[in-house]
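Take a look at the structure below.
A note on names: the letters A, B, ... follow the listed sequences, proteins ahead of strands, and every chain is numbered from 1.
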There are 2 protein chains.
Amino acid sequence: MRSPVGHADVPARPGREIPEATVARLPVYLRALTALVDGGTATCSSEELAGAAGVNSAKLRKDLSYLGSYGTRGVGYDVDYLRYQIAREIGLTHDWPVVIVGIGNLGHALANYSGFRSRGFRVVALLDAATTRHEELVAGLEVRPFDELEDIVGTQSVAIGVIATPAVAAQDVADRMVAAGITSILNFAPTVLSVPDGVDVRKVDLSIELQILAYHEQRKTGQLPTEGASA
Amino acid sequence: MRSPVGHADVPARPGREIPEATVARLPVYLRALTALVDGGTATCSSEELAGAAGVNSAKLRKDLSYLGSYGTRGVGYDVDYLRYQIAREIGLTHDWPVVIVGIGNLGHALANYSGFRSRGFRVVALLDAATTRHEELVAGLEVRPFDELEDIVGTQSVAIGVIATPAVAAQDVADRMVAAGITSILNFAPTVLSVPDGVDVRKVDLSIELQILAYHEQRKTGQLPTEGASA
DNA sequence: TAGATTGTTAATCGATTAACAATC
DNA sequence: TAGATTGTTAATCGATTAACAATC
């Protein structure tokens with residue numbers, strides 16, 4: 001539709017413009033491939049990889065086709081090669097410095113989560129507004145005053161921020177993050193954030209996930225909400 | 001397509017068969033409505049509620065239309081009434097007992113998360129396989145041996161289980177949960193679970209969320225992975 | 001009545017899936 | 001070559017959105 005920069009409407013390199021649904025599955029494939037590599041598997045078919053990732057093989061092949069042609073017909077995929085290609089596509093061939101703001105229970109858990117480090121994310125600072133938490137050691141890092149945000153983001157080129165504060169503080173934290181130059185936010189606070197265009201926000205909401213389960217659970221057990229009620 | 005029980009293919013009550021995308025947004029609307037109630041707002045338009053929920057108003061109205069006609073043309077929605085209707089639809093008019101398995105950093109955070117309790121979820125037990133954690137008090141509950149799962153699920157009619165164990169243990173925990181009668185699982189372990197039909201699994205994966213952000217971040221900053229590379 | 005806003009329609013868009021030609 | 005499996009096509013399905021008739 002829009003062509004912001006004035007270039008001809010050429011179809012971008014084949015393999016560009018990966019659909020959002022596909023992007024969200026690439027990390028799942030990456031994890032499955034890493035498990036296969038660790039298990040000593042050198043080659044796998046789309047059927048096998050799809051099974052390990054919990055999707056059907058047509059979807060997997062379609063997804064991979066957006067990246068390029070990294071398989072061999074009649075043979076399958078070289079596990080290690082495909083893993084590298086996906087990691088490169090996601091941008092995990094270099095480390096991403098990350099700051100976590102809000103070092104309560106959840107912030108503690110996030111700071112200690114080994115899955116970040118092992119996947120290319122490096123927690124460079126833990127910030128909290130409460131002075132009582134300052135200098136506390138969490139996951140080997142000192143908790144710092146929130147005011148140091150701008151300094152840390154600037155000197156360490158932090159692009160990604162994690163918000164693990166109470167809901168009331170989250171928008172302020174987001175505003176400060178954006179002002180400091182952060183352009184990607186992972187928000188654990190149960191609130192809608194408003195940010196300028198160009199800043200990405202992803203939200204993880206524990207209670208929403210449970211509510212979605214409850215909705216389906218309710219239907220299974222036959223306790224339909226309107227059962228016996230009239231319209 | 002399928003008609004498992006042998007009844008005529010009558011269109012269910014209007015308002016049934018809510019699309020999955022809509023179900024996932026109902027908790028967001030519920031939260032926005034609760035905030036409006038708390039702020040003293042009695043009535044709101046679809047435009048206002050949509051703004052508070054972070055969606056556009058056409059989508060909001062379409063979503064609500066699956067539940068019924070709870071608004072008034074020319075006027076808007078009664079905030080408290082709509083909130084009740086959504087809560088009823090999700091199944092939050094009664095409490096859901098929940099067990100959490102795996103009381104590490106994340107399990108601690110989940111056990112202490114007030115958002116569960118306040119939204120109709122009651123943590124009835126914390127279980128861990130490690131005997132060193134037993135009898136420890138977390139969020140006012142004693143950590144119990146994992147073997148007590150069946151007993152607790154049976155006596156307390158638990159339908160929802162939360163897995164916060166390391167990845168290697170998650171499938172075993174899921175199997176035991178299913179055997180004990182749990183039919184909805186919220187999985188925080190970074191692994192694909194296989195469960196029988198009829199059991200719902202939702203997955204929360206912290207590092208996947210960060211990877212999705214990294215993908216977009218990489219494109220923003222112009223460090224395209226294939227930049228300069230030839231096809 | 002005039003103005004406002006819902007609930008619904010219909011068009012569009014994006015995601016999924018099965019099937020199969022290409023090709024190792 | 002025969003068998004296997006990818007990469008792509010095309011059909012289907014579901015979600016989003018704008019527009020507007022219904023109606024308070």
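- For A/Arg73, no side-chain nitrogen or oxygen approaches OP1 or OP2 of C/dC20 to under 4.0 Å.
- Judged by distance alone, the side chains of B/His94 and A/Gln218 never bring a donor and an acceptor atom under 3.5 Å apart.
- The separation between B/Asn56 atom CG and D/dT17 atom P is 5 Å, rounded to whole Å.
- Within a 6.0 Å radius of CD in B/Glu47, other residues, nucleotides and ligands contribute 12 heavy atoms or fewer.
- The nearest whole Å value for the distance from the CD atom in A/Glu48 to the P atom in D/dA4 is 14 Å.
- Pair assignment for D/dT23: C/dA4, on the basis of Watson-Crick or G-U wobble contacts that are both within less than 3.5 Å.
- At C/dG7, one or more side-chain N or O atoms of B/Tyr77 fall inside 4.0 Å of OP1 or OP2 (strictly under the cut-off).
- Taking atom CG of B/Leu64 as the reference point, atom C1' of D/dA15 lies 16 Å away to the nearest angstrom.
- Between the side chains of B/Asp63 and B/Tyr29, at least one donor-acceptor pair of N or O atoms lies under 3.5 Å.
- A straight line from NZ of B/Lys62 to C1' of D/dA19 spans 13 Å, rounded to a whole angstrom.
- What separates CZ of B/Arg25 from C1' of D/dA15 is a distance of 8 Å, to the nearest Å.
- Between the side chains of B/Arg61 and B/Ser46, at least one donor-acceptor pair of N or O atoms lies under 3.5 Å.
- Partner assigned to D/dA10 is C/dT17, using Watson-Crick or G-U wobble distances below 3.5 angstrom.
- In this structure, A/Asp63 atom CG and D/dT6 atom P are separated by 14 Å, rounded to whole Å.
- Among the protein residues, B/Ala21 comes within range of the sugar-phosphate backbone only, with heavy atoms under 4.0 Å from sugar or phosphate atoms but none that close to a base.
- For A/Leu60 and D/dT5, the CG to C1' distance is 12 Å, given to the nearest whole Å.
- When heavy atoms are screened at a 4.0 angstrom cut-off, B/Glu20 is found touching the sugar-phosphate backbone but no base atom.
- When ring centroids are compared, A/Tyr70 and A/Tyr77 stay outside the 6.0 Å threshold.
- With DNA chain C read from its 5' end, the first of the two nearest nucleotides for A/Lys59 and A/Gly74 is the one closest to A/Lys59.
- Residues A/Thr22 and A/Val75 each lie close to DNA chain C; by heavy-atom proximity, the contact nearer the 5' end of the strand is made by A/Thr22.
- Put simply, A/Ser46 has a side-chain N or O that comes within less than 4.0 Å of OP1 or OP2 on D/dT6.
- Look at B/Arg61 and you won't find any side-chain N or O under 4.0 angstrom from OP1 or OP2 of C/dT9.
- Following rounding to the nearest Å, A/Tyr66 (OH) and C/dA15 (P) show an atom-to-atom distance of 7 Å.
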